[in-house]
*Asks:* 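Questions regarding the structure given below will be posed in turn.
Each chain gets a letter, A, B and so on, in the order the sequences are listed, and its residues count up from 1.
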2 protein chains.
Amino acid sequence: MAKVIAPVAAASGQAAGATWIYRFEEGSAAMRDLLGGKGAGLAEMTRAGLPVPDGFTITTEACLAFYRNGRALPAGLDQSVRTHMAILERNTHKSFGGREDPLLVSVRSGARVSMPGMMDTILNLGLNDQTVEGLAVLTGNPRFAWDAYRRFVQMFGKVVLSLDGELFEHVISERKRTEGVKNDPEVSAEGWRAVVAAFKSIIERESGTPFPQDVYAQLFRAVEAVFDSWNSKRAIDYRRFNKFPDDWGTAVNVVSMVFGNMGEDSGTGVAFTRNPSTGERALFGEYLTNAQGEDVVAGIRTPMAIAELEQRQPGVYRQFVEIADKLEHRYRDMQDMEFTVERGKLYMLQTRNGKRAAEAAVKIALDMVDEGLISRAEAVRRVDAESLNQLFHARIDPNERFEAVATGINASPGAATGAIALDADTAVAWAKKGRAVVLVREETAPDDVHGMIAAQGVLTAKGGATSHAAVVARGMGKPCVAGCEVLTIDSRARTVTVKGTTLHEGDAITIDGSTGSVILRGLTLIPPPSELPVWLARFLGWADETRRLDVWANADTPEDARRARELGARGIGLCRTEHMFFGEDRLPIVREMILSDTPEARAQALLRLLPFQREDFAGLLEAMAGYTVTIRLLDPPLHEFLPPYEDLLVEMTELRVAHGERDARYLEKRRVLDRVRQLHEQNPMLGFRVCRLGIVYPEIYAMQARAVVEAAAALRGRGVDARPTIMIPGVGNLREMEFTAEHARATIAQTFKDLGVEPFEIQVGTMIELPRACLVADQLAGVAEFFSFGTNDLTQTTLGYSRDDAENSFIPHYLDLKILKEDPFQVLDREGVGALMRIGVERGRNAQAKLKIGICGEHGGDPSSIAFCDALAIDYVSCSPYRVPIARLAAAQAALEHTGKREGADQD
Amino acid sequence: MAKVIAPVAAASGQAAGATWIYRFEEGSAAMRDLLGGKGAGLAEMTRAGLPVPDGFTITTEACLAFYRNGRALPAGLDQSVRTHMAILERNTHKSFGGREDPLLVSVRSGARVSMPGMMDTILNLGLNDQTVEGLAVLTGNPRFAWDAYRRFVQMFGKVVLSLDGELFEHVISERKRTEGVKNDPEVSAEGWRAVVAAFKSIIERESGTPFPQDVYAQLFRAVEAVFDSWNSKRAIDYRRFNKFPDDWGTAVNVVSMVFGNMGEDSGTGVAFTRNPSTGERALFGEYLTNAQGEDVVAGIRTPMAIAELEQRQPGVYRQFVEIADKLEHRYRDMQDMEFTVERGKLYMLQTRNGKRAAEAAVKIALDMVDEGLISRAEAVRRVDAESLNQLFHARIDPNERFEAVATGINASPGAATGAIALDADTAVAWAKKGRAVVLVREETAPDDVHGMIAAQGVLTAKGGATSHAAVVARGMGKPCVAGCEVLTIDSRARTVTVKGTTLHEGDAITIDGSTGSVILRGLTLIPPPSELPVWLARFLGWADETRRLDVWANADTPEDARRARELGARGIGLCRTEHMFFGEDRLPIVREMILSDTPEARAQALLRLLPFQREDFAGLLEAMAGYTVTIRLLDPPLHEFLPPYEDLLVEMTELRVAHGERDARYLEKRRVLDRVRQLHEQNPMLGFRVCRLGIVYPEIYAMQARAVVEAAAALRGRGVDARPTIMIPGVGNLREMEFTAEHARATIAQTFKDLGVEPFEIQVGTMIELPRACLVADQLAGVAEFFSFGTNDLTQTTLGYSRDDAENSFIPHYLDLKILKEDPFQVLDREGVGALMRIGVERGRNAQAKLKIGICGEHGGDPSSIAFCDALAIDYVSCSPYRVPIARLAAAQAALEHTGKREGADQD
């Protein structure tokens, strides 16, 4: 067994000010936190005896000290750098700033994890008006020397002094025109010399001070610039997107220069030990002759495939293949390497675990287990659970070339293309005719659900990642871009305008819910796989062997339930019965029920809803036969089922102005408005909803409970193992629990009696979604047979954030200002919501030791939240069907984390 | 020292089924929980050797067993009653159901506390067709005997059989007409005999079974009827209003009858040992010759003052005075006694601590301390803190005779009368002309505050006891009746219609915020005292010596602050700065600030608000010189300051219909509407408000902090001891606290510097009003210098109840169904909100042992919530000015409760 390779916590505890610098031979892969990924890789390769240019690493601690110090280098660093440069001079037999054989270095950033292109690097540092001459003499190649110098001055100007790169490019273009050449390598030594002179003038003019000739001044300015780049806007944005903390800092690597641009026997390359897209086990990468790394990045010349190097320089290639193999075995993971060949000699400049697409990640993990390189447990740990998301959605064909006109919130992944439909009915009508549509709305309401079902995807101008559109779309697995605020929808003119471009209803549009992109034309899409691929099934099988948490799904339709089951769900944790009330054959009856003047009229309407509900439940129970189906009784405020108040208000006003106050239609509209106004609430989220409905109108819940029993009994009558449970939403105190549970149990018993069938078990449990429910969980557990944490609502009440409002108003500011590290509706707030969940679990289990506890909020599909749930020792997580594979893997990873099943303990 | 007289907990733990009955001589005053108040009083008087008719008490446990038993008498009770009746027969030498000397009894209810008139009593039980003849012979007075019999049958019909009393009254009226007499005592024996026969027919006809001749059947039916009356609607309503639990049950007292209607030497009376209205130390009561107790209650004959008895029956009077004195010393409290004189012999039928008006309660307590009867601590305990509320409000002159046309929610106590004003501007205009107005609105919004200030009182058709109108009115000490839903306001016709009566704007109306009554004309009012009366100041001085909690007030104006100070507040716990933004000179600037397109424009508007805020704060700080003034920075969502969305929508629609879509006014209105819509929120309670405002727009909080410093510095400059602190609302996490506190402290420091004055301490603290804040209180306490629990919002989020909505929708149902025992916005929810407060206090003090903690929610003025705060060991409660005396007393009572300072320990 290789030793454990993992961040060593102690390393980051390094006393500030003690040791700011490590030479490569002093470090190792285990010191990644302190030395950054690049520094640790260089150290590890040095340690492995591989050819690495000499150098040293300034630690991440020094970076943090730099910020603590008000963006000034910490005490002692100056001296330490000079000491290490002296060692470097001694080892390389060169002299930093020396005329004869000048030591040149690169200064490279390197955080704990790779943040490609986000931070800065400076090459050829150490060149000045003197040393350039020395380099010219030494290499016998003045063109090379002056080219190197101009590159350094140019980089210094851009990176250290933040000058506009265009200023420099312009000089080079002018020079090429003067010399009548097309490409940089054709520019003469004299040309580069003239360019350097022009660059220096630019720097002095633009920055107010001359380009520094003192090499230590160059070096310290460069180190500061790299430190500064840790907090560049793009670096911060990148960290936010990837949920990396801001307090890691970056290390700085000072590496003696080697040159890939010293002729045709020189070059530079990047390579992966395996294919990062497909996972195929073969060296994969590119090589560019007579070039420096930046030339590869710049993309001016086309590099060759790495395999071609075998023809060109077979010795170098063989050596590189050996090194790649050695590194993969040493790291026991696919490596992403950078290297340079200087006059036929190979230098390794970087190695790190390679990034890979989800499919490649799974396949590489499978292969490495088969190769005996890693254990199954390690394979399970290797794949980023969230990345599996990519596998289950349509994507825009990579061959499409397009520009996104706007970017909204990537609310539900996948791409969709179709004709713009501006309301749900239009979407349904067109879809019925076989037309693909994208529903485009200001924001969606429950009224729009049938349109969302009919549409390929949903685009809204308002609302965040947990807006109605987002939540429902994710539940359905439909692509959704939400809150695209530059969108102006004119519902009278039937147009959509974005940044000056106006499309009409029916025009084609494409959205990418994975990125938030909106494209104002139709694009070709690549569909997702229609079933779980064999390789993924095998991999998730290992996850299943490992995990402790059950994985269930939230599903409201038989179709969703079947999909969830295929993706590995072993139960339904949340069926939202209200979604069934929005069907066009049901909504009128629901409205009649709500607007009833008498209990009798209400009962009458409910009686007509009963067959619909029975049918709904039967479909779901059959699709999930053999597994628990948790049916949540009616949850939303009743006014969600009525016409919108605002619409009525406008219509009523129109009638009044046009026909006067005695107009019969006006008076009727006013009467309906009055009923709607009665139900209108200031804060519907905290209003007349959840179990409060079932307590004030017990007949509603009774109808639903009866439908559950009738559906299950009928299925069992024909041998289908239907297993419903009933879940009461929004319980806050013991009496609510008792009242609703007693009523539900009485209805269940009565229905069995009425049907004349042998009773079977139908558990009655509750959603825990209010702070008070957590605090009195011991009392509730005396009555409820299971708990399911509704973390969406629990987050809203614990934090006092309305998700409908907060994500479009203060949450973006909060993320910018670092008041919040993450959107609490996406990642469970452990300190607040999590603390209440812990109280709820403890008190609930104290009262009833074997209480079944799950989570059915959207956090149930978020890997880090799943890890928290595993630590809480709850029984299951329930998430939208397409997130089931993610949850299976995340649950396994959490189990490995929490049971300490580390490397070797579970080798199979 | 007399021994402690207090409920004995053990008594109520009496094993069910063990002892259902106690004879009077077996009981005592200490057994009140088991025997009820009346039973315990009869027992105590028996024990004291006073003349009490013989009898026994069936316990409250028997009543509870009756309900557990499905409303059937528990096993063993039947036999026990018969045994005790046998003892009664032996002692009285009479026979129950016997022809010769029949034993008659009264069957009287009696709960733990007096619930006057709420439950049932049956007199003369034991009479039937036989025993009535015996009684006639024995007394030699057939008229008396038949009168007694008809009274019994009548009561039995009404009370036991729930028949309509009119049926019986009608027979008596007919009989009196037949005999040509006016009053009952003039009806002949024959007449009463005929009436009895008619009554019996009625009973048989109406109930389907004949009147029972079996005396034990009579007795058991009567006992059941008394038990049943515990759960009569009126009894339940009474308990709900008085916050008595439903699980006490009532005892039943079976007392051998004595007759006050046996002639001119007989009679019946009720008396108090002191005057229950004024507290004056003199026997106070009434006596009715030749009558039974029910005649006094019926009010047919006018009784004489008790003092007149001295002339009529000096011996009896002397004996009664002695007994009264003895009882007052025995109970060490003012007694409310019932007695009967039967042929010159005095019988005591009841004694209990007398109910008294607030003024009398205080004065009696003062007197009894001066008399050496009770300690100061006991005096403090004696007065119901809530009752002090009566002393600070105008009342309707008791001489006014009126009928309330409707009853709303008694949202803010006191009476008001004036001309109806239908909007705030009218109220202000009329008030300026010296006209008294009552503001009548559908519901109030912050926009209406200037009208509320101008009005004598406020009446709303919608909203509960914590609606905007209610909260603001209570804060101002203005009477308010809220949620009077039968009110229809037509703002176009300028009328108010209630149950068919239509008043016009300007017509007189009267409201009583203490009862919720609405009267459709002007009534004469009695004004409240203009300052704290000397006797009350003396009494509250004792409370102040006793209490541990500080009492502060919530006040937004210098006038409120001065009033609060006069009533004993020793600090301002909450100044709501947003109230200052609604002034007519400020609101336009505030709107400009909110609608600003650029930070510069916003800063410009804020600069113009600064002098207003400075002036506001200066007034408040000066009024509270020497005491802390806690200034809460801006709290509500910004849209509260803008015109209502609905109004704009209607206006815009009107313009569109009338002038088309190109009309400039329409387009302008639409533009404003768009801005309002941007700020419009689904759930403003959980939206962009509290410290979120001050983080996204730090310049707002900076302006406020600067105004605080400038105001305080100017006052100190002229020797006024201004002591401001700054409170950040709605903090939920550490970074919010850090951000806002850092900004506030920086502004404070900068302002001191700008002013060139020596800095003084201005603490920065936070409101704890979110569940998350309680959970991370340890973190917050590292930054905040004080905590103040905002229990209004904390209740909303912990329970998930929007107070604006819940009190008009499901809370009334919840109280009816006993899902809730009390409205959690009125009485602190200890299990939920209280549990979070406890967590907050513990974690906060763990981090900062001396952290100052208060409460400034409306619960800060509720006695039972104050008791909870005392148990939590927080430092102060802050309430509206007029509740300060209540809080001072409640805090003292809580301290006595919690420190175990019981009788004798603190005798002075």
*Asks:* Under the 3.5 angstrom rule, does the side chain of A:Gln796 hit a backbone N or O of A:Arg803 as a donor-acceptor pair?
*Replies:* yes
*Asks:* Using heavy-atom distances under 4.5 Å, tell me whether B:Ile819 contacts chain A through its side chain, its backbone, both, or neither.
*Replies:* both
*Asks:* Among B:Glu681, B:Arg689, B:His813, which residue forms the greatest number of heavy-atom pairs with chain A at distances under 4.5 Å?
*Replies:* B:Glu681
*Asks:* Taking every non-hydrogen pair under 4.5 Å, which of A:Gly832, A:Gly800, A:Gly732 racks up the most with chain B?
*Replies:* A:Gly800
*Asks:* I'd like to know which of A:Asn733, A:Leu693, A:Val690 tops the heavy-atom pair count under 4.5 Å against chain B.
*Replies:* A:Asn733
*Asks:* Can you check whether A:Gln682's main-chain N or O pairs, donor with acceptor, with B:Asp805's side chain at less than 3.5 Å?
*Replies:* yes
*Asks:* Indicate yes or no for a side-chain donor-acceptor contact from A:Asp778 to the backbone of A:Gly844 under 3.5 Å, with no hydrogens or angles considered.
*Replies:* no
*Asks:* Thinking salt bridges, do B:Asp663 and B:Arg665 make one under a 4.0 Å N-O criterion?
*Replies:* yes
*Asks:* For the residue pair B:Phe810 and B:Tyr801, does the interplanar ring angle fall in the parallel (under 30°), tilted (30 to 60°) or perpendicular (over 60°) class?
*Replies:* perpendicular
*Asks:* Does A:Arg843 CZ have over 12 foreign heavy atoms under 6.0 Å away?
*Replies:* yes
*Asks:* Highest number of heavy-atom pairs under 4.5 Å with chain A: which of B:Leu679, B:Val696, B:Leu820, B:Leu836?
*Replies:* B:Val696
*Asks:* Between B:Thr444 (side chain only) and B:Ala469 (backbone N and O only), is there a donor and an acceptor less than 3.5 Å apart?
*Replies:* yes
*Asks:* Output the option from B:Ile811, B:Leu770, B:Leu734 having the highest count of non-hydrogen pairs under 4.5 Å with chain A.
*Replies:* B:Leu770
*Asks:* Among residues at least two apart in sequence or on other chains, which ones pass ring-ring contact (aromatic ring centres under 6.0 Å, His included) with A:Phe739?
*Replies:* A:His743
*Asks:* Do you know which of A:Asn683, A:Thr798, A:Ile695 has the most heavy-atom pairs with chain B at a distance under 4.5 angstrom?
*Replies:* A:Asn683
*Asks:* For A:Lys462, which residues count as a side chain to side chain donor-acceptor pair (under 3.5 Å) partner, sequence neighbours excluded?
*Replies:* none
*Asks:* Which of the residues B:Val776, B:Asp793, B:Asp829, B:Leu817 is involved in the greatest number of heavy-atom pairs with chain A at under 4.5 angstrom?
*Replies:* B:Asp829
*Asks:* Determine the option with the most heavy-atom pairs under 4.5 angstrom with chain B, choosing from A:His680, A:Gln779, A:Lys818.
*Replies:* A:Gln779
*Asks:* For A:Leu799, is it the side chain, the backbone, both, or neither that has a heavy atom closer than 4.5 Å to a heavy atom of chain B?
*Replies:* both
*Asks:* If a pair satisfies side-chain hydrogen bond (donor to acceptor under 3.5 Å, both in side chains) and one of its residues is in residues 691-701 of chain A, list it, with sequence neighbours excluded.
*Replies:* A:Arg602-A:Glu699
*Asks:* Using a 4.5 angstrom heavy-atom cutoff, name the option from A:Glu661, A:Glu736, A:Glu769 with the most pairs to chain B.
*Replies:* A:Glu736
*Asks:* How about residues 652-659 of chain B versus chain A: which residues have heavy atoms under 4.5 Å apart?
*Replies:* B:Thr653, B:Glu654, B:Arg656, B:Val657
*Asks:* Is it the case that more than 12 heavy atoms not belonging to B:Arg735 sit under 6.0 Å from its CZ atom?
*Replies:* yes
